[in-house]
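Sequence positions, counted from 1, serve as the residue numbers for this chain.
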Amino acid sequence: SIILEDSRIFELYIVIKVLDKYFKNNDAYLKRTELELNYLRKYKTPNNNNWRNAFITLSGLGFLNSKNNLSEAGKDYLVYDYFEFCYLIYDSYIKEYVKEILPVIIKKPTLSLSEINFKIKSKFEDKDVLFLTESGNRYLSSWLNIFRDDYGFISFQSRKRNRVINYDPAEMSKNEFITNLKKYTNSLEYLNRLN
């Protein structure tokens, strides 16, 4: 399982690229708040005033060490462009969440978060699903933002329920997935700032 509350995949990607660019071979303890204020806020991402969650996620993935530097696992991901990175995160960590959420939305795109939550929990004998249905609808909201902003599975306006399904990754090859990702992602303005 993975915690992605109030983070986007492109924010994770920005953090690892910034750490590599400015702190390569650095063994000192890096203060997260200084990194945020001096390096990360210039990207003006959706969670620009709270990069803490990106650091929590990256730590949970094992991509950061105890000094907030890139771990060996984090360094392994540096070779990938954003689209490959996004695909690998999907395939390795979030595919199972997509399998639970997206079919519910595809069946009825206008469901409220509470209705989506209820339908997912009903599949699991009304038990909460870790990082999905627990904490009310907070995690669900984060997942839908990732589905829209990073992957482009769906499109919708914030706080609106009129969702449009752009594509379903369930049966796609990696190449088809990346082609759709490039077409529908909302991350390009942030990635252009990175470049």
Side-chain angles (χ1 to χ4, degrees), residues 1-14 43-48 53-54 57 61 77 80-194:
S1 59
I2 181 175
I3 238 181
L4 280 166
E5 181 187 350
D6 295 330
S7 291
R8 304 295 195 281
I9 306 302
F10 60 79
E11 290 170 327
L12 306 181
Y13 185 76
I14 288 170
Y43 298 104
K44 296 181 175 33
T45 65
N47 302 301
N48 202 45
N53 290 319
T57 300
L61 292 169
Y77 278 78
Y80 301 109
D81 69 15
Y82 172 71
F83 303 105
E84 286 277 335
F85 178 82
C86 225
Y87 176 79
L88 289 169
I89 295 295
Y90 164 81
D91 194 53
S92 300
Y93 299 101
I94 69 170
K95 185 181 350 182
E96 297 308 312
Y97 293 103
V98 175
K99 285 181 183 176
E100 293 304 325
I101 302 166
L102 202 54
V104 173
I105 294 171
I106 289 171
K107 193 169 185 178
K108 190 167 183 192
T110 58
L111 290 174
S112 69
L113 291 177
S114 295
E115 290 167 326
I116 296 167
N117 195 321
F118 175 80
K119 289 195 176 291
I120 292 169
K121 282 174 71 170
S122 67
K123 287 178 58 182
F124 296 94
E125 299 173 348
D126 205 34
K127 292 188 172 106
D128 271 320
V129 180
L130 188 65
F131 304 133
L132 184 54
T133 62
E134 59 183 4
S135 296
N137 297 324
R138 206 170 70 202
Y139 290 115
L140 265 177
S141 176
S142 293
W143 284 117
L144 293 187
N145 287 330
I146 289 166
F147 289 6
R148 175 191 62 195
D149 295 340
D150 287 295
Y151 294 100
F153 301 147
I154 57 177
S155 296
F156 62 93
Q157 293 178 342
S158 293
R159 295 177 180 75
K160 304 280 186 196
R161 297 190 323 192
N162 53 337
R163 301 178 193 98
V164 174
I165 311 303
N166 294 322
Y167 69 103
D168 181 357
E171 303 300 323
M172 287 186 170
S173 69
K174 178 181 175 182
N175 287 341
E176 290 173 311
F177 183 103
I178 289 177
T179 297
N180 279 285
L181 173 60
K182 287 178 178 179
K183 181 177 180 182
Y184 292 108
T185 186
N186 291 329
S187 62
L188 298 181
E189 71 173 282
Y190 309 107
L191 297 173
N192 288 339
R193 289 182 199 141
L194 179 65

Step by step, would you call Phe118 with Val104 a side chain to side chain contact (heavy atoms under 4.5 Å, CB included)? CA-CA 10 Å; Phe118 175 80; Val104 173; over 6 Å; no
CD1 of Ile116 to OG1 of Thr110: how many Å apart, nearest 0.5 Å? 9.0 Å
Contacts of Lys95 that satisfy side-chain hydrogen bond (donor to acceptor under 3.5 Å, both in side chains) - sequence neighbours left out: Asp91
If we ignore hydrogens and angles and just use 3.5 Å, is the side chain of Arg163 paired with the main-chain N or O of Leu111 as donor and acceptor? yes
Can you list the residues that meet the side-chain hydrogen bond (donor to acceptor under 3.5 Å, both in side chains) rule with Lys108, with sequence neighbours excluded? none
Counting C-beta onward and ignoring hydrogens, is there a side-chain heavy-atom pair between Lys174 and Glu84 closer than 4.5 Å? yes
What verdict does the side chain to side chain donor-acceptor pair (under 3.5 Å) test give for Asn166 and Ser155, after you've listed the backbone C-alpha separation in whole Å, the side-chain angles of each residue and the deciding distance to 0.1 Å? CA-CA 7 Å; Asn166 294 322; Ser155 296; 2.7 Å; yes
Tightest non-hydrogen contact, residues Arg148 and Gln157, listed as NH1-C, 4.2 Å
Would a 4.5 Å heavy-atom cut-off, applied to side chains only, mark Ile89 and Tyr151 as touching? yes
Please tell me if the side chains of Leu144 and Ile154 come closer than 4.5 Å, counting only heavy atoms from C-beta onward. yes
If we only count heavy atoms from C-beta on, is the Leu102 to Tyr167 side-chain gap below 4.5 Å? no
Compare all side-chain heavy atoms of Phe10 with those of Asn186 and state whether any distance is below 4.5 angstrom. no
Is a side-chain donor or acceptor of Thr185 paired with a backbone partner of Leu181 at a separation under 3.5 angstrom? no
So, taking the atom named CH2 in Trp143 and the one named CG in Asp150, what distance separates them when rounded to the nearest 0.5 Å? 10.5 Å
Rounded to the nearest 0.5 Å, what's the gap from CG on Asn145 to OG on Ser141? Could you check? 5.0 Å
Is there any salt bridge (charged side-chain N to carboxylate O under 4.0 Å, His left out) pair reaching into residues 177-193, and which pairs are they, with sequence neighbours excluded? Glu189-Arg193
CD1 of Ile105 to CZ of Phe156: how many Å apart, nearest 0.5 Å? 8.0 Å
Please give me the minimum heavy-atom distance between Ser173 and Glu176, naming the atom from each residue. N-OE1, 2.8 Å
Which residues satisfy the ring pair (Phe, Tyr, Trp, His ring centres under 6.0 Å) test with Tyr87, sequence neighbours excluded? Phe177
Results of side chain to side chain contact (heavy atoms under 4.5 Å, CB included) for Asn47 - residues two or more places apart only: Asp6, Arg8, Glu11
Is it the case that atom OH in Tyr80 sees more than 12 heavy atoms from other parts of the structure closer than 6.0 Å? no
Just so I know, are the side chains of Phe153 and Tyr90 near enough to count as touching, which here means a heavy-atom distance under 4.5 Å? yes
Main chain of Thr45, side chain of Tyr190: is a donor-acceptor contact present, judged purely on distance under 3.5 Å? no
So, for Tyr184 and Gly152, which heavy atoms are closest and what is the spacing to 0.1 Å? CB-O, 3.5 Å
Nearest 0.5 angstrom please: Leu12 CG to Cys86 SG, how far? 9.0 Å
Under the side chain to side chain contact (heavy atoms under 4.5 Å, CB included) criterion, do Tyr43 and Leu191 qualify, and how do the steps go? CA-CA 8 Å; Tyr43 298 104; Leu191 297 173; over 6 Å; no
Any donor-acceptor pair under 3.5 Å from Asn192 side chain to Leu188 backbone: yes
Could you tell me whether the side chain of Leu61 reaches within less than 4.5 Å of the side chain of Ser92, counting heavy atoms only? no
Hey, what do you get for CG (Asp149) to OG (Ser158), rounding to the nearest 0.5 Å? 7.5 Å
For the residue pair Ser7 and Ala54, what are the closest heavy atoms and their distance? OG-N, 3.3 Å
For Asp168, side-chain hydrogen bond (donor to acceptor under 3.5 Å, both in side chains) partners two or more places apart: none
For residues Pro169 and Asn180, determine if any side-chain heavy atom of one lies less than 4.5 Å from a side-chain heavy atom of the other. no
